[in-house]
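Atoms within each ligand, like the ligands themselves, are counted from 1 in listed order.
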Amino acid sequence: MNQTVRNSYLEAKNLYAEHGIDTDEILQKLGEIKVSLHCWQGDDVKGFLFKDKQLSGGIAVTGSYPGRAETPEQLRQDLEKALSLIPGKHKVNLHAIYADTDEQVDLDQLEPRHFSKWVDWAKAQGLGLDFNPTLFSHPLAEDGFTLSHPDEKTRRFWITHCRAARKIAEYFGKELGQPCVTNHWLPDGYKDTPVDRLAPRVRLQESLDEIFKDEISEAYNIDAVESKLFGIGSESYVVGSHEFYMGYAISRDKAICLDAGHFHPTEVISNKISSVLMFTKQLLLHVSRPVRWDSDHVVTMDDELLEIARELVRGDFLSRTHVGLDFFDGSINHVAAWVIGTRNTIKALLRAMLEPVELLRKLENERDYTSRLALVEEFKSYPFGAVWDYYCATKGVPVREEWLAEVKDYERDVLLRR
Ligand code: RNT
Ligand code: ZN
């Protein structure tokens with residue numbers, strides 16, 4: 001290892017030790033955290049089943065940066081590149097439309113075998129897999145309703161798809177020896193003010209109950225439900241609102257998925273974590289960055305990211321939280337987007353772990369808010385960067401911005417030749 005990196009680490013280690021913070025132990029713990037990399041950043045949420053279909057469901061990718069993955073092989077190659085630049089062992093999050101098969105198969109006919117190549121790859125790479133039924137970019141989702149559709153035939157199609165998705169997730173869990181988190185998000189909603197807000201929610205509840213009827217061990221599959229405030233074309237009403245899913249998840253023992261972009265612009269998910277986890281066993285996060293709306297910008301080291309990380313660390317919630325990413329920026333190098341967002345998420349967790357939590361808690365309980373504020377602010381410039389650099393070096397991934405040169409080479413040699 002580079003001597004400067006080592007020496008800076010040793011200096012930082014001593015400084016943190018003065019506050020009883022053991023950096024070696026923290027790095028050990030950090031190495032155990034898995035972040036779930038969303039495959040859809042690699043190809044602008046297109047998938048492989050319906051390649052000519054426009055992205056729908058009120059989400060949007062902007063930008064046409066060259067080199068996006070167009071085949072499962074290319075997507076895996078790009079994920080491997082990104083993962084080689086990110087410290088630790090992680091998971092990859094697939095959507096149903098990313099099935100790797102030559103068959104012309106619709107969403108309601110998907111089976112585990114359509115994903116066997118992903119499983120073989122995950123095994124070879126030592127990765128876990130997460131999953132999502134895809135309830136958008138499909139002719140039967142075109143009028144904005146899926147599991148809450150008033151037409152029984154359409155609703156059935158989506159129920160069948162979601163049941164198939166859970167079977168695929170179970171197969172992932174069995175094969176890979178770790179649970180697959182299956183997240184259910186659907187775009188259902190109205191552009192304009194509805195007359196009947198209740199009926200679609202009742203239909204959604206019935207659909208979900210039917211989907212979850214099939215018993216699957218939590219050792220293989222963990223179900224999560226993701227709410228949203230609004231989407232493009234569902235500005236006035238979304239069936240699966242936060243209140244709907246809070247009630248649903250608590251009453252059905254499911255995990256809640258909190259997406260950082262799915263609330264009012266000044267509302268933050270960091271403030272929801274402790275409440276949600278009082279009433280649900282598990283939590284899924286979609287770490288994202290909303291800029292004015294659910295824009296899904298690449299995750300940066302902003303205040304909210306740090307606050308999310310602090311909540312997870314201070315509340316000791318990491319063992320019950322699945323940290324997933326959800327952003328899609330088509331205007332920059334697709335591999336770099338993964339690397340930046342994932343490295344930031346891990347780095348934010350490290351920063352949170354390097355705070356003197358017990359001392360801060362004590363000051364708060366003593367109502368010494370002056371010291372609380374003073375210390376939190378001083379710790380913002382403690383040398384966490386030296387600890388992070390050392391961590392990257394010990395995990396055999398590039399230190400600081402060295403990774404960028406690798407992505408540029410990869411862009412020249414691989415991405416721009418596609
Ligand atoms: C959409 C949700 C959802 C999707 C992915 C592709 O607003 O955030 O999680 O981004 O399923
Ligand atoms: Zn999301």
K.L.:
Indicate the ring-plane relationship of Phe136 and Trp185, choosing parallel, tilted or perpendicular according to the 30° and 60° boundaries.
P.N.:
tilted
K.L.:
With Arg163 as reference, evaluate Asp108, Asp209, Asp214 under the salt bridge (Lys or Arg N to Asp or Glu O under 4.0 Å) test and give the passing residue.
P.N.:
Asp214
K.L.:
From the options Ile269, Leu349, Val268, Leu258, select the one residue that forms a side chain to side chain contact (heavy atoms under 4.5 Å, CB included) with Ile308.
P.N.:
Ile269
K.L.:
Which of the atoms in ligand 1, numbered in the order shown and given with their element, are less than 4.0 Å from a heavy-atom of Phe328?
P.N.:
10 (O)
K.L.:
With heavy-atom distances below 4.0 Å as the criterion, list the atoms of ligand 1 near Ile59.
P.N.:
1 (C), 7 (O)
K.L.:
Should Phe172 and Thr182 count as side-chain neighbours, where that means a heavy-atom distance under 4.5 Å?
P.N.:
no
K.L.:
Can you tell me if CG on Asp303 sees more than 12 non-hydrogen neighbours from other groups inside 6.0 Å?
P.N.:
no
K.L.:
Check each atom of ligand 1 against the heavy atoms of Lys228 and keep those under 4.0 Å away; list them by number with element.
P.N.:
1 (C), 7 (O)
K.L.:
Specify which N/O/S atom of Asp326 comes nearest to the Zn ion (ligand 2), by atom name.
P.N.:
OD2
K.L.:
May I ask you to check whether over 12 heavy atoms, not counting those of Glu378, lie within 6.0 Å of atom CD?
P.N.:
no
K.L.:
With respect to the Zn ion (ligand 2), what is the nearest N, O or S atom of Asp259?
P.N.:
OD2
K.L.:
Give the residue and atom name of whichever protein heavy atom lies nearest to atom 9 (O) of ligand 1, and the separation in Å to one decimal.
P.N.:
Glu226 OE1, 2.8 Å
K.L.:
With heavy atoms of His286 as the reference, note each atom of ligand 1 found under 4.0 Å away.
P.N.:
9 (O)
K.L.:
Parallel, tilted or perpendicular for Tyr382 and His19, by the 30°/60° rule?
P.N.:
perpendicular
K.L.:
For ligand 1, which atoms sit closer than 4.0 Å to a heavy atom of Asp259?
P.N.:
8 (O)
K.L.:
For His262, take its heavy atoms, then give the atoms of ligand 1 lying under 4.0 Å from any of them.
P.N.:
1 (C), 2 (C), 7 (O), 8 (O)
K.L.:
Using a plain distance cutoff, I'd like to know if Asn132 has any nitrogen or oxygen under 3.5 Å from a nitrogen or oxygen of ligand 1.
P.N.:
no
K.L.:
Please determine whether the number of non-hydrogen atoms from other residues, nucleotides or ligands lying under 6.0 Å from atom CZ of Arg292 exceeds 12.
P.N.:
no
K.L.:
Kindly give the atom name of the N, O or S atom of Glu226 closest to the Zn ion (ligand 2).
P.N.:
OE2
K.L.:
Between Asn183 and ligand 1, is there a nitrogen or oxygen pair with a distance under 3.5 Å?
P.N.:
no
K.L.:
Under 4.0 Å between a Lys/Arg side-chain N and an Asp/Glu carboxylate O for Arg252 and Asp223?
P.N.:
no
K.L.:
Roughly how far, to the nearest 0.5 Å, is the CZ atom of Arg68 from the NE2 atom of His334?
P.N.:
7.0 Å
K.L.:
Write out the residue and atom name of the closest protein heavy atom to atom 6 (C) of ligand 1, then the distance separating them to 0.1 Å.
P.N.:
His95 NE2, 3.4 Å
K.L.:
If you check every N/O/S atom of His286, which is the one nearest the Zn ion (ligand 2)?
P.N.:
ND1
K.L.:
Any luck finding a side-chain donor-acceptor pair between Asp78 and Tyr410 under 3.5 Å?
P.N.:
yes
K.L.:
Got the closest protein heavy atom to atom 10 (O) of ligand 1, with its distance?
P.N.:
Asp326 OD2, 2.8 Å
K.L.:
Under 4.0 Å, heavy atoms only, figure out whether ligand 1 is touched by the backbone of His38, its side chain, both or neither.
P.N.:
neither
K.L.:
What part of Asp294 sits under 4.0 Å from ligand 1 if we count only heavy atoms: the side chain, the backbone, both or neither?
P.N.:
side chain
